[in-house]
Amino acid sequence: MIKHAGQHMADAGGRSIVAVSSTAAIQSCRFLAAYCAGKAGVDALVRVAADELGALGVRVNAVRPGLTATDTTQGLVNNDSVVAQYLDQQPLQRIGRPDDIAEAIRFLAGPESSFTTGQFITVDGGHTLRSFVDFSDVVASRAQS
């Protein structure tokens with residue numbers, strides 16, 4: 001998408017691309033190796049695309065959400081043990097809301113960030129200040145099922 005949209009955006013005089021990464025791109029999360037590697041790849045792509053497309057007036061940034069209540073994360077946000085571990089490692093004591101992430105994306109897409117490219121905004125309630133959750137209990141319960 002970045003390759004093809006970036007060219008159209010450059011032809012239009014520049015625009016902004018915002019990718020969605022994850023805090024898992026920068027923290028070790030046992031049992032989610034493929035997810036962590038994939039999101040680290042998103043981060044690398046954002047940096048390279050920002051470097052390549054910047055001269056064409058196209059900005060490329062990303063948002064790194066922490067645990068956010070979405071349809072995809074219902075299994076985690078409905079697991080009391082997982083939520084307790086997240087909140088124990090997070091200064092702001094709540095799970096993220098989709099609007100939290102949307103507002104960061106809006107900022108990076110808009111004119112307020114016109115001098116920002118190749119950057120990442122972590123929207124995680126401060127979770128990355130501490131450590132990632134240990135999913136051993138989740139893995140063990142799935143193995144028993």
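Along the sequence shown, residues are numbered consecutively beginning with 1. In what follows, every heavy atom counts, from backbone to side chain, and hydrogens, waters and symmetry copies are set aside.
For Leu56, the side chain to side chain contact (heavy atoms under 4.5 Å, CB included) partners at least two apart in sequence or on another chain are Ala10, Leu53. The side-chain hydrogen bond (donor to acceptor under 3.5 Å, both in side chains) test applied to Asp99 returns no partner, not counting sequence neighbours. Remark: Leu76 engages Leu67, Val82, Phe135 in a side chain to side chain contact (heavy atoms under 4.5 Å, CB included) (not counting sequence neighbours). Arg94 meets the side-chain hydrogen bond (donor to acceptor under 3.5 Å, both in side chains) test with Asp100; sequence neighbours excluded. With sequence neighbours excluded, the residues forming a side chain to side chain contact (heavy atoms under 4.5 Å, CB included) with Ser81 are Asn79, Gln85, Asp137, listed by chain and number. Applying the side chain to side chain contact (heavy atoms under 4.5 Å, CB included) test to Gln89 and every residue at least two apart in sequence or in another chain returns His127, Arg130, Ser131. Applying the side-chain hydrogen bond (donor to acceptor under 3.5 Å, both in side chains) criterion to Thr116, with sequence neighbours excluded, gives no partner residue.
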- request: Starting from the C-alpha separation in whole Å, work towards a yes-or-no answer on side chain to side chain contact (heavy atoms under 4.5 Å, CB included) for Val18 and Val63.
  value: CA-CA 7 Å; Val18 182; Val63 171; 4.2 Å; yes
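Between Gln7 atom CD and Ile2 atom CD1 the span is 14.0 Å, to the nearest 0.5 Å. In this structure, the separation between CG on Leu45 and NZ on Lys3 is 12.0 Å, given to the nearest 0.5 Å. Taking OH of Tyr86 as the start and CG of Asp88 as the end, the distance is 13.0 Å to the nearest 0.5 Å.
Across Pro98 and Thr70, no two heavy atoms sit closer than the pair CG-CG2, 4.4 Å. Summarising the geometry of Ala19 relative to Val46, their closest heavy-atom pair is CB-CG2, 3.7 Å, with the distance given to 0.1 Å. Closest of all the heavy-atom pairs between Thr117 and Ala50 is OG1-CB, 3.3 Å.
Other residues, nucleotides and ligands contribute at most 12 non-hydrogen atoms within 6.0 Å of the CG atom of Asp80.
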Table please: side-chain donor-acceptor pairs of residues 101-110 below 3.5 Å, with sequence neighbours left out.
from: Arg106; atom 1: NH1; to: Glu112; atom 2: OE1; distance (Å): 3.2

Give every donor-acceptor pair under 3.5 Å between a side-chain atom in residues 29-43 and any protein atom, sequence neighbours left out.
from: Arg30; atom 1: NH2; to: Asp134; atom 2: OD1; distance (Å): 2.7
from: Arg30; atom 1: NH2; to: Asp134; atom 2: OD2; distance (Å): 3.1
from: Arg30; atom 1: NH2; to: Ser136; atom 2: OG; distance (Å): 2.6
from: Lys39; atom 1: NZ; to: Val20; atom 2: O; distance (Å): 3.1
from: Asp43; atom 1: OD1; to: Ser21; atom 2: OG; distance (Å): 2.6
from: Asp43; atom 1: OD2; to: Arg64; atom 2: NE; distance (Å): 3.0
from: Asp43; atom 1: OD2; to: Arg64; atom 2: NH2; distance (Å): 2.7

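Of the possible donor and acceptor atoms, none in the side chain of Gln119 sits under 3.5 Å from a partner among the backbone N and O of Asn61. Checking side-chain atoms of Thr68 against main-chain N and O of Pro65 turns up no donor-acceptor pair under 3.5 Å. Side chain of Thr122 to backbone of Asp124: no donor-acceptor contact under 3.5 angstrom is found.
Pairs of residues two or more places apart, or lying in two chains, never qualify as side-chain hydrogen bond (donor to acceptor under 3.5 Å, both in side chains) while including a residue from residues 46-56.
Hydrophobic cluster membership of Val48, counting Ile, Leu, Val, Met, Phe, Trp and Tyr whose side-chain heavy atoms lie under 4.5 Å apart directly or via other members: none, as it forms a cluster of its own. Members clustered with Phe115: none, using a 4.5 Å side-chain heavy-atom cutoff among hydrophobic residues.
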